[in-house]
Amino acid sequence: MAAPALSPPPLTPEEYLEIERRAEIRSEYLDGEMFAMAGASFEHNAIVANLIGELRQKLKGKSCQVLPSDLRIHVPATGLYTYSDVLVVCGEPRLEDHHHDTLLNPTLIIEVLSPSSEAYDRGKKFEHYRSIESFVEYLLVTQDEPRVEQYLRQPAGRWLFTAVAGLDATIALPSIQCELSLAEVYDRVELG
């Protein structure tokens, strides 16, 4: 009779970070487990590049800066280590350790929705993000049509939802005191 297969022991956050810092592909971490992240489409990457370019221009001379998807976010309240597509940090960045690769205080987080991650980005991931005190604004950007959904933190832990659609639309980003044009977000992106 064969012995039952044993599952590997859970990873500690320190073990995860040691593995992740040497890995060629990115992974998230929660409750002792690592989860590999999927690659992204051309359209997804074009939207991310447009968002970073636009936000960089709008944040020049301000105390906020836009950062790409390679900077890890740690959610201390839940233990999640994850990556967003785009993030903005205002004021002094709080980094977890001397490696300077894990941020603790994002202000604005943007996720470009993919079929494989949309439910997670809208649900559990947003639930984790909401426990970050500095996090006040969340944008979900679709790939196949010009549409941006915004969640803005309100008093008493409430979140105000707004959606804009169409290439002629703009969306105000109160957390960083600027606005985005959807025509610029979707510039050179093949829709539909």
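Being a predicted model, the structure only gives us computed values, none of them experimental. Hydrogens, waters and symmetry mates play no part in the numbers below; they use all other heavy atoms, side chains included.
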In this structure, are over 12 heavy atoms from other groups packed under 6.0 Å from F42 atom CZ?
no

About how many Å separate CG of L55 and CG of N50, when rounded to the nearest 0.5 Å?
10.5 Å

Under a 3.5 Å distance rule, please check whether S114 uses its side chain to pair with a backbone N or O of S116 as donor and acceptor.
no

Passing candidate, side chain to side chain donor-acceptor pair (under 3.5 Å) with E28, options Y83, Y120, Y16:
Y120

So how far is it from S175 OG to Y138 OH, rounded to the nearest 0.5 Å?
14.0 Å

Say you draw a straight line from CD of E54 to CG of L59; how long is it, rounded to the nearest 0.5 Å?
10.5 Å

Please step through side chain to side chain contact (heavy atoms under 4.5 Å, CB included) for the pair L51 and L180, ending with a clear verdict.
CA-CA 8 Å; L51 286 162; L180 284 175; 3.8 Å; yes

Heavy-atom distance under 4.5 Å between the side chains of L139 and L173, does that happen here?
yes

Taking Q150 for its side chain and A172 for its backbone only, find out whether a donor-acceptor pair lies under 3.5 Å.
yes

Kindly give the heavy-atom pair with the smallest separation between C90 and T107, and that separation in Å.
N-OG1, 3.2 Å

Is the centre of the F126 ring less than 6.0 Å from the centre of the W159 ring?
yes

Hey, is the main chain of P106 close enough, under 3.5 Å, to the side chain of S134 for a donor-acceptor pair?
yes

Short side-chain to backbone donor-acceptor contact, E184 and S181, under 3.5 Å:
no

Verify the neighbour count for atom CD of Q154: are there more than 12 heavy atoms of other residues, nucleotides or ligands below 6.0 Å?
yes

Checking D121 side chain against L113 main chain: does a donor-acceptor pair fall under 3.5 Å?
no

Can R21 and D97 be counted as an ion pair, charged N to O under 4.0 angstrom?
yes

Are L104 and L108 connected in a single hydrophobic cluster, I mean Ile/Leu/Val/Met/Phe/Trp/Tyr linked by side-chain heavy atoms less than 4.5 Å apart?
no

Nearest 0.5 Å, what's the CE-OG distance between M37 and S117?
8.0 Å

Are any side-chain N or O atoms of D85 and backbone N or O atoms of V112, one a donor and one an acceptor, separated by less than 3.5 Å?
yes

How many angstroms lie between CG in L95 and NE2 in H74, if you round to the nearest 0.5 Å?
13.0 Å

Does any part of the side chain of L152, heavy atoms only, come nearer than 4.5 Å to the side chain of T162, both counted from C-beta?
no

Note: E20 and M34 closest approach over all heavy atoms is OE1-CE, 3.8 Å

Here the pair of heavy atoms bringing L191 nearest to Y186 is CD2-CD2, 3.6 Å

So which heavy atom on L87 is nearest to which on L71, and how close?
CD2-O, 4.3 Å

Can you name the closest pair of heavy atoms from S131 and V75 and give their distance?
OG-CG1, 3.1 Å

Using atom types as modelled and distance alone, determine if a side-chain donor or acceptor of R26 lies under 3.5 Å from a backbone N or O of S69.
yes

With distance as the sole test, does N105 use its side chain to make a donor-acceptor pair with the main-chain N or O of E92 at under 3.5 Å?
yes

Minimum heavy-atom separation for E96 and L17, please, with both atom names.
OE1-CD1, 3.6 Å

Is there a path of hydrophobic side-chain contacts, each under 4.5 Å between heavy atoms of I, L, V, M, F, W or Y residues, that connects I176 with L67?
no

Using a 4.5 Å cut-off on heavy atoms from C-beta on, say whether the side chain of L182 contacts that of V164.
yes

Honestly curious: do V86 and F135 fall in one hydrophobic cluster under the side-chain, below-4.5 Å linking rule?
no

Without swapping roles, check the side chain of K62 against the backbone of Q177 for a donor-acceptor pair under 3.5 Å.
yes

Do V48 and V88 land in one hydrophobic cluster if side-chain heavy atoms of ILVMFWY residues count as linked below 4.5 Å?
yes

Report yes if the side chains of R122 and L140 come closer than 4.5 Å at any heavy-atom pair, otherwise no.
yes

Joint hydrophobic cluster, I110 plus I132, side-chain heavy atoms closer than 4.5 Å:
no

Side chains of S84 and I73: closer than 4.5 Å at any heavy-atom pair?
yes

I'd like to know if the side chain of H128 pairs up with that of T78 as donor and acceptor (distance under 3.5 Å, no hydrogens or angles considered).
yes

Just by distance, do the side chain of E149 and the backbone of R147 share a donor-acceptor pair under 3.5 Å?
no

Check: R72 and Y29 side chains under 4.5 Å, non-hydrogen atoms
no

Quick one: NZ on K125 to CG on L80, what's the gap to the nearest 0.5 Å?
7.5 Å

